[in-house]
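Beneath this line is the structure, given in structure tokens, with notes to follow.
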Amino acid sequence: MPDDLLRDKIPTFAKKGESQAGDVSLANWSALTSGPGVRTWFEIIAIVLVAVLVIGGTELWISVFKVPQYIFPSPSLIGASMIRDFPVLWPHILVTVKELVVGFAIGATIGMVLAALITQSPFAEKIVTPYVVLLVCTPMIALVPLLILRFGFGSEPRIIAVTLAVYPMVMINSATGFRRVDLAKIALARSFGASTLQIYWKIRIPMAMPMIIVGLMVGSIFGLLTATGAELVGGKDGLGNRLSYYSSLIQMPQFFACIVFLALIGNLIYVTFFLIGKKWASWEA
Amino acid sequence: MRNGDARSAKLSVEGATKYYQTRTGIVHALDDYSMQVREGELVCVLGPSGCGKSTLLWSMAGLHGLTKGQVLLDGGAISRPHPEIAMIFQEANLLPWRNLIRNIELPFEIKKLPPAKYRDRITGLLAKVGLAGFENKYPRELSGGMQQRASIVRSLAVDPSVLLMDEPFGALDAFTRDEMNLLIQQIWMETGKTIVFITHNIAEAIFLADRIFVMSPRPGRLSRTFEIDFPRPRQLSLNTTPAFIEVVSEIKGAIEHGGGHQAVDVV
């Protein structure tokens, strides 16, 4: 309880520049959410030029050295497959995205609520943390065969696997955020008569926001990984399922088209959380 | 203590004693400390670092309890934060995710008052402290002095009758600190608020105070009280007059005699 916190601490604070206990280094934060900004036309032209060289170079390399299609299809073949096979792949994209979104929503909610609860009591935190670390470190794909036995080959076991992969990531990062107690700021709010709930809404949650967003970003990328993996392991649809299907038929352009779609989903997630971070946590950087 | 004091005391501390439980054992922070502050008076509590000044002030703000003794505001005991008392902290303590105006609106949000109704008052205060036009700036875009001025506006905006200031200018450079002391004097003379100002800087205490309460090193006890009667408004040039320097050395002597040490600044 914040009240007890204030009562038991001598009110002295670290001077500016000294890091405080529980502080998150800015490097952790910025690595995920702030890339180098593009500023000049020269930089834009250079970036486009390099992209053209890489893709064109690959194309040229493959045609000059006659690399067989089943080893590496040329970018133009992959692009053509992405357009031609889009109607076939679209339902599978939707399946994967649905598993990811539903599993992520459940997992992120559980993770944030547990983090807020657990950081209320250092004692409870000590008991729960080992299990959370265990969950973070265990690849949840390993559970998928077991889940399939129980829930069949539909989306359910994969959604459960995504949830199990997402929530410890969100929880462990959010808890780090909630643990960043700035006694002076809580005391400030209390001195104006703030209740415990108001301290949460006005001080603790905004303060934890950068770490919560990092947790959501890492969690969602783990979620995509787990969803794809779960579909590869066993299932009747989804992009992961298509990967094993096309590779078994040695239809490499389609195989690579699926990989590009997965990469696009991943990048969409990254950009989304990058923008959320810019809006809600830019004060940190 | 004269009778008149007790009757017109706005704020009084009676036998304040405080023990802390820390990881390394029990700390005796305050020992039977008593003082009375009159309505509209500006007093300074002066003492070396770690003597329990902040502990005293946090108790007066109702932020934590005392082991023994009590704090009275207008005769009523303070056990939790009181709307008539506002605190100004060592650091400006602005919320980095809010711009200046939203920082100043924080107390209104907490008290569930519509800030729009107090907009004129806030604008006026910002202009007075020289922050007009900075409403949309974020704390990181403001200098240390500007941040601390914003925090003063935040506390004044809710119009408390008592201001408790916990070494508010300790982190500022000497020039900015002088400016801020002038500003505090001006605000105090215009608003007539009761101010308790904590510092470890003797010159700052003399410049600001009607009375100075000198505290001994931990456990904090009241060692002496000084009446400061330089006329107001006081100018910065006061600090170099022989009369001022004489008071400085008198207080310095009192602190050293009372078992004090060199932890007290003489600027």
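Note that the structure is a prediction, hence the values are computed from the model and not measured. The sequence lines fix the lettering, A, B, ..., with proteins before strands; numbering per chain opens at 1.
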If you check every heavy atom in residues 110-121 of chain B against those of chain A, which residues fall under 4.5 Å? B/I110, B/K111, B/K112
Engaged part of B/R154 at the chain A interface, taking heavy atoms whose separation is under 4.5 Å: both
Between B/P83 and A/F192, is any pair of side-chain heavy atoms under 4.5 Å apart? no
Counting neighbours of CZ on A/F261 that are heavy atoms of other residues, nucleotides or ligands and sit closer than 6.0 Å, is the number greater than 12? yes
Say you draw a straight line from CZ of B/F89 to CG of A/L183; how long is it, rounded to the nearest 0.5 Å? 10.5 Å
For the student: nearest non-hydrogen atoms of B/P81 and A/R190, plus distance: CG-O, 3.0 Å
For B/E109 and A/K202 the tightest heavy-atom approach is OE1-NZ, 3.1 Å
Just how far is it from atom CG of B/L94 to atom NZ of A/K185, taken to the nearest 0.5 Å? 8.0 Å
Any side-chain heavy atom of B/L95 sitting closer than 4.5 Å to one from A/P206? no
Residues, nucleotides or ligands: over 12 heavy atoms within 6.0 Å of A/I127 CD1: yes
B/S155: partners by side chain to side chain donor-acceptor pair (under 3.5 Å), with sequence neighbours left out: none
Answer yes or no: is there a donor N or O on one side and an acceptor on the other, between the side chain of B/N93 and the main chain of A/L188, under 3.5 Å? no
Scan for ring pair (Phe, Tyr, Trp, His ring centres under 6.0 Å) pairs involving residues 171-190 of chain A, sequence neighbours excluded, and state none if there are none. A/F178-A/Y200
Sort B/L164 into side chain, backbone, both or neither according to what part of it lies under 4.5 angstrom from a heavy atom of chain A. neither
Across all chains, not counting sequence neighbours, the salt bridge (charged side-chain N to carboxylate O under 4.0 Å, His left out) partners of B/D31 are B/R221
